[in-house]
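Here is the structure we will look at.
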Amino acid sequence: MTNRRHRFGAALAVFAAAVAAWLPVTSAQAADGPVVHIWLQDDHLGLPMPPTPGDPTMVSWGLRNDGPGTAKDVIVSADLSNVIDWVTTDAPVPADHVYTWPVRDVPEGEAAGSVIGLSAKPGTPLGTTGTVTLSGTSSNGTVVSTTAKVTVGTTALRVNRLADRKGDKPGSTVDAPVTISNVGTLAADGVQLRMRTTVGLSYAQHYSNCVYSKESAEGYDLTEQALCTFDTVIEPGKSYRVDQPVGLDVTDQALFEYFSHEALPLSGSAPKPGDGPVLSLVAAGGAATDGTAIDRQHIDADNTADMVAGGATAEGAPGDLVHVTVSLGNKGPGWVGYNASDDQPALLVTVPTGTRAEKIPAHCSPWNDEAKSGTGEQTPGAAQYICQSSPNTFTVGDTRSFDFGLRIRANAATSTGAAHATTAFGNTMAFDHTHGNDTAAVTVEVEGGATATPGASASPSTTTAAGTGGNSPRTQTVSGSGGSGALASTGSSGTVPVAAACGAAALLLGGGLLLLVRRRNRA
């Protein structure tokens, strides 16, 4: 029994010791409070040599408080002692070479920081390197320090500009000859070439030293990003070209496309090799002075896309709020993504006579015929609305819907408005050669009301065969406010708007027959 008690007592002592050892740790962690990280916009800084007057290189920093709670009395300092012998600053630095920013409280989340400008002293040898350490304190938390590497001299990589193209047909291949230049004063120990394409382009060849991935950028879905790694040293004042042009296949979906490329200094290790041949860089003479940090080549294909308006029918009695869901879709064959214009695809909705729009969908606003644009406000009671989708790109098969709530007025009769495929500024979509489906009827059948007499129908627009005459996407033709001169002035008048090119009369007649049958059934 005694032995058991001793063993139990020993075990209890061990457990108590473990608890005692654990308690101070947890208490210390709780007492540590919020943790604040200093982050740098760029942790590798190059100082031009010779110095650029009045244009220092900025050590730019911000804060991220991971919590818990607000960090109190945060002080951030930059220790310049490692570089002070060969740099000048844009702010006075104390004798201890530590510059300190004013104290403040930092709430949880991202917080703005500040900058300090550095310039190399004249005559400092190229390649001179040092570090600037940013650190801080908080009265109730911890500030995690970070370091910026500073080098005298710069690596400035530029790529060549590729001319825009028009008229390439689906099934063809575009060659993109890419060149990289170093217009800086220091060599780049390796380089990465980042290339991006839009939906209608694809890479004709995959290379083993390139990593391919699906990406999105600037609102566009991209077929692939290619990030190619080269261990070639890019000397200052020289240019290098890829040993073969990058091939871009123009697909059946191609319409408004772009190919972008940029060069980045190599950082980290090279990715695992993939399949295919190696893409190489070869010397190409002196550095080009007309290059750019990133180039975007617009490629407008000889193709079409058929944008289609979708109408709707609703039924109700005077005083009812009825809903009509109209739509804008793309039947292809090309996808639609304007990459050089704000005049995006849109749907112009003419409200049926005898109803008042009370529920306005997001991204729809009253159409201003004089300004040829929407007002930007979701204002009820307008005669016409222009609707734009978000995102505003349309892959083949995409359809965007807009639900309107319409209040049927007293003494209203069955009437028809319209949904019309147009652009945000009321222009004809020049890439759309099929106009018979540009307009669709929006009908409200009124129970117990008279059937309105349809107005004169507009003749259907001439349909052009796809591909005939090519594509002129950069020149849009204005056609009133949506293809029919009558649409802009009809939404609230006593006559029925011109709506569904050759289809409105049939729809109205069908609605009348429907009402007649219903009345007989009720009798």
Side-chain angles (χ1 to χ4, degrees), residues 20-48 51-52 54-121 128-152 154-155 194 215-219 262 264-265 267-268 293-294 390:
W22 174 78
L23 283 175
V25 173
T26 55
S27 299
Q29 289 174 342
D32 284 342
V35 177
V36 179
H37 296 266
I38 304 172
W39 57 266
L40 292 167
Q41 182 174 325
D42 190 349
D43 60 1
H44 286 72
L45 303 174
L47 308 185
T52 305
D55 189 19
T57 299
M58 295 294 178
V59 179
S60 179
W61 58 272
L63 298 174
R64 187 188 76 248
N65 180 1
D66 291 341
T70 297
K72 300 289 187 179
D73 307 315
V74 174
I75 298 175
V76 175
S77 300
D79 186 349
L80 305 168
S81 57
N82 191 245
V83 298
I84 199 66
D85 290 340
W86 44 272
V87 302
T88 59
T89 65
D90 64 351
V93 177
D96 63 358
H97 308 147
V98 176
Y99 181 84
T100 300
W101 284 272
V103 62
R104 61 175 171 141
D105 294 342
V106 179
E108 286 190 46
E110 299 285 342
S114 189
V115 297
I116 185 169
L118 305 181
S119 299
K121 293 179 179 178
T128 302
T129 300
T131 57
V132 173
T133 300
L134 285 90
S135 59
T137 60
S138 169
S139 63
N140 68 330
T142 303
V143 179
V144 180
S145 62
T146 189
T147 300
K149 181 179 179 181
V150 182
T151 303
V152 177
T154 58
T155 297
R194 180 158 61 194
E215 297 286 340
S216 293
E218 300 177 24
E262 62 182 316
L264 308 167
S267 60
I294 180 171
S390 178

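Not measured: the values here are computed from a predicted model. If you read the sequence from its start, that first residue is 1, and numbering goes on from there.
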Quiz prompt | Residues forming a side-chain contact (heavy atoms from CB on, under 4.5 Å) with T57, sequence neighbours excluded | solution = L45, L47, P48
Quiz prompt | Smallest separation among heavy atoms of V36 and A71, with atom names | solution = CG2-CB, 3.5 Å
Quiz item: Which residues satisfy the side-chain contact (heavy atoms from CB on, under 4.5 Å) test with T146, sequence neighbours excluded?
Solution: I38, L40, L134
Quiz item: Between the main-chain N or O of D85 and the side-chain N or O of K121, is there a donor-acceptor pair closer than 3.5 Å?
Solution: yes
Quiz item: Which salt bridge (charged side-chain N to carboxylate O under 4.0 Å, His left out) pairs, counting each pair once, include a residue from residues 56-69, with sequence neighbours left out?
Solution: R64-D66
Quiz item: How long is the gap from CZ on R194 to CG on L264, to the nearest 0.5 Å?
Solution: 5.0 Å
Practice problem: Just jot down the side-chain contact (heavy atoms from CB on, under 4.5 Å) partners of T147, sequence neighbours excluded, or say none. | Solution: T131, T133
Quiz item: Which residue pairs satisfy the salt bridge (charged side-chain N to carboxylate O under 4.0 Å, His left out) criterion with at least one member in residues 91-101, sequence neighbours excluded?
Solution: none
Quiz item: Of all residues at least two apart in sequence or in a different chain, which pass the side chain to side chain donor-acceptor pair (under 3.5 Å) check with S81?
Solution: D79
Quiz item: Side-chain contact, heavy-atom cut-off 4.5 Å: I116 with M58?
Solution: no
Self-check item: Candidates V143, N140, T142 - the one meeting side-chain contact (heavy atoms from CB on, under 4.5 Å) with P34
Solution: N140
Quiz item: Among T129, V132, T89, whose side-chain contact (heavy atoms from CB on, under 4.5 Å) with V83 holds?
Solution: V132
Quiz item: Of all residues at least two apart in sequence or in a different chain, which pass the ring-ring contact (aromatic ring centres under 6.0 Å, His included) check with W101?
Solution: W61, Y99
Quiz item: For the atom pair NE2 (H97) and CG (L80), what is the distance rounded to the nearest 0.5 Å?
Solution: 8.5 Å
Quiz item: Under a 4.5 Å cut-off applied to non-hydrogen side-chain atoms, are V35 and V144 in contact?
Solution: yes
Exercise. Would you name the heavy atoms of G130 and N82 that are closest together and state the gap between them?
Key: CA-OD1, 3.2 Å
Self-check item: Heavy-atom closest contact (V106 atom, A111 atom, distance)
Solution: CG1-CB, 3.9 Å
Quiz prompt | Residues which pass salt bridge (Lys or Arg N to Asp or Glu O under 4.0 Å) with D42, listed by chain and number, not counting sequence neighbours | solution = none
Practice problem: Please list all pairs passing the ring pair (Phe, Tyr, Trp, His ring centres under 6.0 Å) test where one or both residues lie in residues 62-93, with sequence neighbours left out. | Solution: none
Exercise. Could you list all the side-chain hydrogen bond (donor to acceptor under 3.5 Å, both in side chains) pairs where at least one residue sits in residues 68-77, not counting sequence neighbours?
Key: D73-S139, S77-T100
Exercise. Would you please name every residue forming a salt bridge (Lys or Arg N to Asp or Glu O under 4.0 Å) with R104, sequence neighbours left out?
Key: none
Self-check item: S60: partners by side-chain contact (heavy atoms from CB on, under 4.5 Å), with sequence neighbours left out
Solution: Q41, V115
